[in-house]
Structure formats: C-alpha cells, structure tokens
Amino acid sequence: MSSDSLEKGYDPTGIEDKWYKYWLDKGFFVAEDKSDKQAYSIVIPPPNVTGVLHMGHALNITIQDIMCRFRRLCGDNVLWMPGTDHAGIATQNVVEKNLALQGITRDQLGREKFIDAVWAWKEQSGGAIINQLKKIGASCDWERERFTMDKGLSDAVRKVFVRLYKDNLIYQGQYIINWCPRCRTALADLEVDHEENEGFLYYIKYPFVNGTDALVVATTRPETMFGDTAVAINPNDERYKNLEHKRVMLPLTNRIIPIIHDEYVDTQFGTGVLKVTPAHDPNDFNLGEKHGLERLKVIDDEGIMNENAGEYMGIDRFKCRTMAVEALEKLGLLVKKEHLKNSVGHCYRCKTVVEPSLSRQWFVKAGPLAKVAADAVRDGKTRIIPSNWAKTYFEWLDNIQDWCISRQIWWGHRIPVWRCHTCGQVMVEEVDPDKCDGCGSVDISQETDVLDTWFSSALWPFSTMGWPEETDLLKTFYPTSALVTGFDILFFWVARMMMMGTRFMGEVPFKDVYIHALVRDEHGKKMSKSKGNVIDPLKIIDSYGADAFRFTLAAFAAQGRDVRMSEERVEGYRNFVNKLWNAARFTMMHLENGAGQSGNSVLVQSGDAEPEDANLIQFKITNIADKSYSMSEHWILSRSAATAEAVSSGIENYRFNDSANAIYQFVWHEFCDWYLEAAKSALYEKEGQKRRDASRSVLAKVVKDIIIMLHPFMPFVTEEIWHALPTVSGSVMEASFPADNDPDYTFRNLQVEKDMEFIVALISGIRNIRGEMNIQPSLQLNVILQTSDQLQKRLITDNTSLIENLSRLESLTLSDSDTADAPVSCATGVVMGTTIYVSLKEVINFDKEETRLEKELDKVTKELISISKRLTNESFLDKAPDDVVEKVKEQQQMLQDKRDKLTLNINKIKQMRL
RNA sequence: GGGCGAAUAACUCAGUUGGUAGAGUGCAACCCUUACAAGGUUGAAGUCACAGGUUCGAGCCCUGUCUCGCCCACCA
C-alpha cells in the first residue's frame with residue numbers, strides 16, 4: 001500500500017465493516033479455554049433482547065472494549081463474554097403488542113403457542129442489538145455468545161432454585177406485593193418507580209354505630225375503603241379518648257368495623273384517624289397482622305373493583321375513586337378534600353400505577369445472602385470503583401427486604417415446583433418429575449409462575465461459563481477481572497450477582513466493579529424520547545465514525561461524573577482522527593521506497609524479515625547514542641515512552657479520560673506540532689542521508705507506538721493505518737503495547753525533555769513577537785539570542801537550524817555580550833534568561849513595542865511582588881520545606897533577571913523615540 | 001426523612017499525597033507555509049458558589065450556608 005491510497009481526509013465509510021470482519025475471520029476475539037498467558041475476563045452486562053442501542057450501552061461497551069483490547073495488547077488471554085437477557089416482562093410486552101396488531105391476545109393463543117411466538121420473534125429480530133454492539137467495535141468473543149434462556153443457563157437457574165429452596169432460602173407466602181394490573185404480574189420492590197403525584201387528601205366521615213357523631217379519616221385512596229377492616233388511632237391521641245368499645249359504620253357499604261389503637265398512627269397527619277386496608281397497603285397489612293384483622297381484597301388483577309365493592313363491582317379503580325367521592329359528597333360524608341403531593345409507584349416496564357395487593361408469591365430470603373455479599377466488599381475481595389458507591393451498595397444490602405421472584409407471566413424460567421393433586425405433595429426438582437414422589441400419582445402439575453428475569457442474570461458470571469459443570473473456562477476465568485456497569489443496575493444486578501456468586505461459587509464474581517456514569521445531553525438532561533433530546537449512537541457513528549465517537553466517550557468518562565454528549569464534541573474528536581490520519585500520510589510519504597537509497601546505512605535493516613514480511617521496509621533504532629539523532633528525536637522518544645506509561649496507567653485505574661487526554665495531547669501537540677515540524681528538514685534530505693535515516697527510524701518507531709496506544713480507543717482507523725504502514729506486518733491487534741520492559745524502549749530522558757522545553761519556549765517567544773508586532777508570516781527574520789548561560793548556549797548552537805526553520809529566520813546569531821551589538825531597530829523578548837532580539841528592516845512601531853513590553857513587565861512585576869512577599873515571610877522560610885524555598889528563590893532570581901532585561905529594553909525604546 | 005454528588009474562563013470539563021490554576025470548544029487577529037483549512041501561528045479571558053477555620057501557604061483539608069442533580073424510604 002502506498003500513501004496514494006490514503007485519502008486526504010479520513011472517511012470511515014466501509015473501513016469499519018472491513019476490519020471488523022477481518023478481526024472475526026482471524027479469530028482475534030476468541031479466548032483460549034486454557035492458556036499459560038495471564039487470564040483477563042469481563043462479562044458483558046447482557047442487554048435485553050428487545051433492546052435498541054442507546055448512549056448508555058455505547059459508553060458501557062466502549063469502556064469494556066478499551067479494557068479488553070488493551071489487555072490483549074499486553075499479551076493477556078482475554079475473555080469478553082457477550083450475550084443477551086431474555087428480559088421477561090419487557091419481551092413479553094413487545095410480543096404481545098405485535099400480536100395485538102393482528103388482533104390476537106396471548107390468552108387466545110395459549111401459553112405454549114405464545115412462548116413459541118416469543119422464540120420466533122427472538123430469532124427474527126432479537127439479535128439486532130448485538131449487531132449494533134459490533135458497529136461500535138465491541139471485541140467480544142462472539143463464539144461464546146449466551147442467552148439467559150439457553151439450555152445451559154436454564155439448567156443453572158433450576159439448580160440454584162432447588163438448592164436455595166432446600167436451604168430454606170426460598171419460600172412461598174401470602175404478602176402484600178406490588179402488582180402491575182397491565183402486565184398482570186407481581187413486581188419486586190425494586191421494579192417499582194416512585195413518582196411524585198399531585199393528588200388529593202380526602203376527609204371522609206365514618207359514622208359511629210351508636211350515635212350521631214362520626215370519626216373523620218383522611219385518605220388519598222377512597223376507592224380502597226371497601227376493603228377497610230378497621231380504623232386506627234394513636235392511643236396517645238387526646239382527641240380520641242373513650243372510644244374503646246365503639247365501632248364505626250363504613251360508608252357506602254354499611255359494613256361495621258372496629259376501632260383499633262396503635263402507636264404506628266401519626267397524630268400529626270390528617271385527622272389522626274387511619275383507615276386500615278390490609279389487603280391493599282403494606283402498612284395496613286402489618287397493622288392487620290398485628291391486630292388480627294380480616295384481609296379483604298376489593299381490586300382484582302386487572303385493576304377492576306371486585307364483588308366486595310358492592311355496586312362498584314366491575315368499575316376501574318380510578319373511576320371508582322371519582323364515583324365514590326361523588327357518592328360520599330351526596331351523602332354529606334365528605335368533609336373536605338385538600339391538595340396533597342405524594343409518591344405513587346409505577347411499573348418500571350409499562351409505567352402503569354402499581355397496586356399494592358395481597359398475593360401468594362415466591363420469595364428469596366435475602367438477608368443471609370446479602371450479608372456475605374456485603375462482607376465480600378468490606379473485606380476487599382471485590383473493589384467498587386469509584387469507592388463512594390460502596391456506601392450505597394452497603395446501605396441497600398444492610399437493609400434488604402426479601403425478594404419477590406415469582407412473576408405471573410409466561411416468558412421466562414418456569415418455577416421448578418410441582419404439586420400432586422392427589423396427596424398435595426410439593427416437589428421442587430431439577431429434572432421434571434413424571435409422578436408424585438409421595439403417592440405415585442401422575443396427576444401432578446407444575447407451578448405456572450416464572451422467575452424474575454434478574455434471577456437468571458444474577459448467575460450470569462458463572463452460568464455463561466458452563467456452571468454447574470466444572471469447565472476449563474470457569475477455572476481459567478472465574479472470578480472475572482472486572483465488571484463494568486452503570487449505577488442504575490447496582491442493586492438489580494450487581495448486588496444480586498454478588499449474592500449468588502459468593503453462594504454458589506464460593507468466590508466473588510469479579511475483582512473490580514467499575515461503575516460508570518450516565519450519558520446525558522449537552523445540557524446535562526437525561527436523554528428521553530419525550531424530551532426529544534435523544535442522540536442515536538448509530539447516527540453519530542454514521543456521521544463521524546465509530547473511532548471519533550468512542551474517543552469522545554472515553555475523553556469525557558471522568559470518574560463519578562456524567563458524560564454530556566453532543567455532536568459538536570464528537571466533531572472535535574473526529575478532527576483528531578483526521579489529524580492522526582494525516583500524520584500517518586505524512587509518515588508514509590517519508591518511509592516508503594526509501595530503503596534502497598540509504599545505501600549501507602546501519603540504521604536500515606531488512607535482512608531478518610520473515611518471508612511474508614519480505615517487502616517490509618525496516619527502520620530500526622540500533623544505537624540511540626549515535627550522534628546522528630537530533631535532540632528533538634531523543635525528546636519525542638522520551639515523550640512517547642512517558643505517554644505509553646500514562647495511557648496504560650489510566651486504563652488500569654479506570655481513568656479513561658486521563659488516558660485519552662494524554663494520548664491526544666501527545667499526538668497532536670507534541671508529535672504533530674513539534675516533532676513532525678522539527679523532522680521535516682532531515683526528512684526532506686536537507687541534512688544528509690544519515691540524518692534522514694535516523695529521522696525515519698524514529699518516525700517509524702513513534703508512529704508505530706502511537707497506533708498501538710490508540711488502538712484500544714480507535715480500533716478501526718488504527719488498523720487501517722497499520723496496514724498501510726510499510727514498516728509493520730499483520731494486525732495491530734497482534735502488536736505489543738509499548739512498555740518499560742521492552743528492551744527497545746528505554747528512551748525516557750528527563751534532561752532532554754527539559755532542554756527541549758527551552759528550545760520550544762525560544763521558538764514560541766520569537767513567534768509571539770511576530771504575532772504581536774503583526775509581522776508578515778512570510779517575512780524571514782534576523783534574530784540575535786543573547787545569554788550567558790553555558791547550557792543554553794550549547795542548546796542554541798546544537799539546534800540552530802531547528803530554531804531557524806520553526807521560527808522562519810533568515811539568520812540566527814548567538815551573542816553573550818549585552819545589548820551593545822543589538823540592532824538599532826528591533827523587537828525584544830526574554831525567555832528563561834535568554835534575550836531575543838528580532839531586528840526589523842523597516843522601522844518598528846515604537847509605541848506598539850513599548851506597550852507590548854510594558855504589559856509584559858507589568859505581569860512580571862506582579863509575580864515578583866507576590867513571590868518576594870513569600871520570601872520575606874519568616875515563617876515561610878522557617879517552616880516550608882527546603883526544596884520549596886529553593887524553588888521559589890530560583891523563580892525570584894529568574895523574574896528579577898527578566899524584569900531587568902525588560903526594563904533595559906524599554907529604556908532603549910524610549911531613547912530611540914527621542 | 002436518610003444518603004450521595006456537583007459548583008473552576010463565554011460553554012463543557014480536567015486539576016491523585018495542600019506550593020499559588022489547565023485543556024477542548026467558542027471568541028479575536030494573521031496565514032491556503034509542499035501531512036492536515038476537519039489545518040497553522042499568536043492573543044484575550046478565572047476574587048476556583050458563599051462564609052468561617054486549620055496552615056508559612058487552601059481550588060484541594062475541616063465546619064456551616066446557598067443553589068442544582070441523583071438515589072433510597074411502608075409520607076395514610
């Protein structure tokens with residue numbers, strides 16, 4: 001490939017799919033079951049099969065992909081386990097909606113045919129999200145892709161259920177649960193979203209049975225009054241004394257109910273009288289339990305009033321509320337209604353208002369499991385990053401409620417419990433029984449409920465690796481190295497995996513849990529369809545390329561901070577991709593077909609190439625101490641090494657923005673801005689063949705390392721460039737991340753970095769004068785540099801042509817005398833003790849120059865004042881560490897020197913004007 | 001009611017053992033200099049939310065206040 005084939009601007013179209021397919025064909029994503037290499041593993045948070053890729057997925061996948069690709073470059077055996085979740089309620093809802101379009105309900109279809117329909121839907125469109133993950137570049141081991149309803153995973157679910165049941169950690173019982181009347185299923189507490197609601201507090205008279213008076217209760221839910229089986233008052237409430245033997249008449253039904261006393265009742269709220277509905281309110285349920293009250297259900301599974309609501313039977317619960325209030329008003333029993341804000345629970349899948357309802361359900365006794373899961377983090381077996389999330393994690397686990405795991409839907413893992421209709425025997429089995437193990441009757445049937453989706457995803461880290469079989473995969477990769485997820489499923493998923501993992505594997509499921517932030521819009525608002533501020537990741541990828549998009553996510557993914565996404569930002573990083581692309585083009589121009597010209601230079605070797613690499617042009621840095629290497633070359637090699645270190649430490653510490661910024665800064669502002677510019681002179685053969693080859697060897701080395709370092713962030717463009725480079729072979733995925741232990745990589749040199757800083761400052765100083773004085777960029781300047789510092793003199797001498805080239809000079813003169821030999825008409829500057837004189841052919845604008853110098857002097861003077869203040873402060877001198885004092889003194893010296901020189905030049909200007 | 005987090009340049013954000021504030025975008029000026037105008041050079045711009053405290057020294061540590069965001073909770 002030649003540089004001709006690289007277009008002027010980078011266009012990701014076509015390139016991304018090409019390389020993704022190449023990686024798959026080469027099997028680069030496939031993990032080894034057993035290997036001598038260090039194992040590194042991550043399980044993907046399985047997206048719902050119904051899912052459509054959103055920004056949250058994109059961030060989550062990008063982070064994991066960065067980690068996995070980085071570990072591969074470090075030589076690890078990496079398993080990134082992918083898959084999808086069957087998402088019980090969500091998926092069932094989607095399929096039900098599809099059927100509704102054809103006018104079919106699931107009841108018409110029947111359970112078995114409905115489930116067939118769900119599978120058919122899954123086969124046909126359920127994999128969409130997987131393809132979307134591939135668009136981002138996810139390097140998952142797709143050969144191992146799992147689905148929570150797969151045979152193996154379903155077996156694991158059964159085994160876990162049976163064991164927990166036998167260990168008395170699963171039980172069935174009648175309790176108040178959250179019921180979604182639309183989905184017609186129970187929900188766990190976590191699956192209910194509470195939203196603030198503007199409602200009313202109704203004050204309703206409950207007349208005493210004997211007498212004319214009445215108790216006034218306050219309620220937000222009058223429709224549940226048909227299920228009241230008592231009213232409760234606080235025994236300490238002075239307003240309600242001597243009511244011991246009284247009873248009240250429930251309006252609208254005229255049922256007589258008792259008055260109970262309980263300190264639970266808040267005397268401050270409403271009237272201090274509480275209606276008690278044990279079948280439709282969790283608190284009332286507890287009161288009912290305590291006082292032996294009847295539990296009367298008045299709302300059925302679809303949210304319709306039942307026979308206990310008398311004439312309101314068959315009416316929707318909310319309609320009933322309005323009607324009951326009207327009826328009470330007519331009867332003169334409604335005292336008043338006032339506005340009240342309260343929170344109302346909604347189904348997290350369909351947003352329907354949930355009904356707290358008495359129901360017989362299956363529960364996991366969560367306490368014992370939660371304790372182990374919490375302790376594992378307390379003991380440091382699993383780290384939560386950032387660590388402040390650990391507190392939230394503990395808070396939830398330490399106060400955990402039992403987990404309602406049964407769902408009255410059809411799509412999911414059916415609960416492995418059978419009942420004998422002959423003798424009533426209950427069987428909890430891993431393998432379907434065909435007869436009762438008590439009486440032998442074949443008249444048995446399986447529990448119709450299925451399990452909460454999160455029950456199976458709780459097993460994900462080990463069920464995907466083949467548990468309960470003792471597989472090589474489990475031995476190699478469990479516990480997994482890290483879990484990457486959003487905080488929104490910390491309780492749903494992470495905590496439960498911790499509970500199940502510790503219980504069934506005896507080991508935590510992951511060593512690290514990295515909790516990343518939410519992706520919001522550019523104003524920090526949550527993206528939502530209703531707000532219309534959703535940015536579609538796939539559209540962004542289409543417009544700007546996956547690499548730019550990924551880099552944007554990484555660059556903004558600071559720990560504990562939400563990512564604000566906007567097209568403008570992606571555009572900025574698209575420009576970075578383009579910058580890299582053009583740097584690569586430049587590199588290729590200078591690396592290809594040049595080997596032959598270099599004669600017998602020791603710096604160019606092609607002898608030891610492998611057969612398939614016979615055409616590789618190999619530039620190697622064989623002896624960095626050779627004088628043919630310039631200072632800027634030593635410098636860029638040192639900076640490259642430092643950057644590799646910064647990038648890897650950023651990734652290892654989950655500080656992806658640090659890594660991204662380090663590499664961005666290096667590539668753009670060190671490599672492109674300075675090194676490439678510095679190298680041009682040698683590369684364009686202005687310094688002889690030896691210098692040219694030296695530069696080419698450095699260029700080859702640094703570009704190669706840049707491509708490798710960037711690969712985890714920008715896999716596609718780096719692969720494209722890699723294949724175009726004449727100096728490397730194979731895939732960038734087969735390369736090694738530049739590291740200190742690389743014998744080829746011991747270029748860190750702090751002195752050189754400092755020296756280069758001086759040269760850069762000098763050039764910037766000259767450019768500053770050019771800019772500030774409005775000197776034509778094309779005009780070649782004559783500059784005199786004056787310094788008495790020996791090191792600076794040597795650096796200037798060694799880099800004369802560099803300074804000349806980068807500041808566009810006609811001549812550069814080094815002087816160690818004072819201003820005596822300075823040209824008459826000149827602009828001046830002071831950089832780190834060196835004075836710059838830019839002589840001008842035309843007479844300079846004295847006013848302008850004086851203003852400029854005065855401004856500079858002003859700045860220096862201010863700094864000097866503040867610094868001198870510190871140095872005259874005795875307690876500072878006394879108490880501050882010596883090195884700090886020393887540093888400040890040096891600074892003062894430098895500033896004084898600069899001030900003196902500036903003053904001198906200002907005086908000179910003043911004289912000239914006269 | 002409990003808990004967590006944020007506040008730094010016009011905007012979005014970095015700032016990891018306390019040493020006197022940085023980047024990107026945007027803005028202004030100049031430049032099509034043979035990798036890149038999706039570019040280059042230069043420049044302007046901040047009492048680091050407020051009030052105290054610790055310290056020689058605080059964007060950073062401590063206390064309190066204000067504003068905003070989020071999570072949890074059985075607020076009839």
Side-chain angles (χ1 to χ4, degrees), chain A residues 3 6 8-10 176 189-190 194 201 217-221 224 232 264-266 268-271 273-277 281-286 340-343 356 386 388-389 391-392 395-396 399 401 487-488 490-491 517-518 520 522-526 544 548 555-556 558 560-562 564 566 568-569 571-590 653 655 657-658 661 664-665 669 672-673 676-677 680 684 764 767-778 807-808 863 866-867 870 873-881 883-885 887-888:
Chain A
S3 58
L6 286 185
K8 207 168 168 187
Y10 175 63
I176 290 271
D189 295 339
L190 262 186
H194 290 274
L201 186 62
V217 303
T219 179
T220 53
R221 303 202 55 198
T224 63
Y264 164 77
V265 180
D266 180 357
Q268 303 300 308
F269 190 91
T271 56
V273 184
L274 172 70
K275 67 191 266 306
V276 185
T277 323
D281 184 283
N283 294 311
D284 294 8
F285 176 85
N286 292 338
L340 183 78
K341 268 189 201 165
N342 63 347
S343 89
N388 49 297
W389 284 108
K391 194 164 180 179
T392 310
E395 185 68 22
W396 190 72
N399 299 296
Q401 302 292 313
F487 59 80
D488 50 332
L490 182 61
F491 305 141
L518 236 52
R520 298 170 176 279
E522 60 189 310
H523 307 293
K525 294 268 187 298
K526 221 172 183 171
Y544 301 100
F556 282 101
R561 188 149 199 151
D562 289 341
R564 300 195 185 191
S566 73
E568 200 185 38
R569 273 160 225 179
E571 203 179 320
Y573 288 106
R574 187 273 315 267
N575 295 350
F576 176 56
V577 176
N578 197 50
K579 186 77 179 176
L580 173 74
W581 180 257
N582 280 295
R585 282 177 63 223
F586 175 85
T587 301
M588 263 142 344
M589 273 176 52
H590 293 283
N653 294 304
R655 303 181 67 97
N657 58 322
D658 283 357
N661 290 330
Y664 180 97
Q665 172 69 24
H669 299 302
C672 291
D673 286 354
L676 288 186
E677 294 305 323
K680 276 178 182 172
Y684 282 117
S764 301
R767 286 171 172 176
N768 168 288
I769 290 169
R770 190 192 279 278
E772 295 261 291
M773 297 303 287
N774 286 335
I775 300 167
Q776 286 297 314
S778 51
S807 13
R808 295 190 141 251
E863 277 179 69
S866 117
I867 230 165
R870 285 162 69 190
N873 183 339
E874 278 189 31
S875 26
F876 172 73
L877 296 172
D878 200 36
K879 291 179 180 168
D883 59 320
V884 173
V885 176
K887 223 172 99 185
V888 175

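Below, read A as the first sequence line, B as the second, and so on, with proteins coming before strands; counting in each chain starts at 1. Just so it is clear, the values below take in all heavy atoms, side chains as well, and ignore hydrogens, waters and symmetry mates.
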Exercise for the section: Compare side-chain N and O positions of A:Arg655 against OP1 and OP2 of B:rG15 and report whether any pair is under 4.0 Å apart. Expected result: yes
Exercise for the section: Using the test side-chain contact (heavy atoms from CB on, under 4.5 Å), find all partners of A:Tyr544 that sit at least two apart in sequence or belong to another chain. Expected result: A:Ile540, A:Ala548, A:Glu567, A:Val570, A:Glu571, A:Arg574
Exercise for the section: Tell whether A:Gln401 reaches the base of B:rA73 with its side chain through a donor-acceptor pair below 3.5 angstrom. Expected result: no
Practice task
Would you mind classifying the nucleic acid contact of A:Asn661 as base, sugar-phosphate or nothing, using non-hydrogen atoms under 4.0 angstrom?
Solution key: nothing
Exercise for the section: Please list, chain by chain and in numerical order, all residues satisfying side chain to side chain donor-acceptor pair (under 3.5 Å) with A:Asp673, sequence neighbours excluded. Expected result: A:His669
Exercise for the section: Report yes if a side-chain nitrogen or oxygen of A:His194 is closer than 4.0 Å to either non-bridging phosphate oxygen (OP1 or OP2) of B:rC75; otherwise report no. Expected result: no
Problem - Under the 3.5 Å Watson-Crick or G-U criterion, the dot-bracket string of RNA chain B, with | for inter-strand pairs - result: ((((((...((((.....[..)))).(((((.......))))).....(((((..]....))))).))))))....
Fill in the blank from the handout: Residues at least two apart in sequence or cross-chain that pass side chain to side chain donor-acceptor pair (under 3.5 Å) with A:Gln401, listed by chain then number, are none
Handout entry: Distance-only donor-acceptor test (3.5 Å): side chain A:Lys579, base B:rC36
Key = yes
Fill in the blank from the handout: The side-chain contact (heavy atoms from CB on, under 4.5 Å) partners of A:Asn388 (sequence neighbours excluded) come to A:Pro386
Practice task
Have a look at A:Arg870 and say if it touches a base, only the backbone sugar-phosphate, or nothing, with a 4.0 Å heavy-atom cut-off.
Solution key: base
Problem - Phosphate-side-chain proximity, A:Asn575 and B:rG39, N/O vs OP1/OP2 below 4.0 Å - result: yes
Problem - Phosphate contact (B:rC72 OP1 or OP2) by A:Asn399 side-chain N/O below 4.0 Å - result: no
Practice task
Looking at every strand, decide which applies to A:Glu395 at a 4.0 Å heavy-atom threshold: base, sugar-phosphate, or nothing.
Solution key: nothing
Practice task
Would you please name every residue forming a side chain to side chain donor-acceptor pair (under 3.5 Å) with A:Lys887, sequence neighbours left out?
Solution key: none
Practice task
Just call it for A:Asp878: base, sugar-phosphate, or nothing, with non-hydrogen atoms closer than 4.0 Å on any strand.
Solution key: nothing
Problem - Expected output: side-chain A:Asn578 to main-chain A:Tyr10 donor-acceptor under 3.5 Å - result: yes
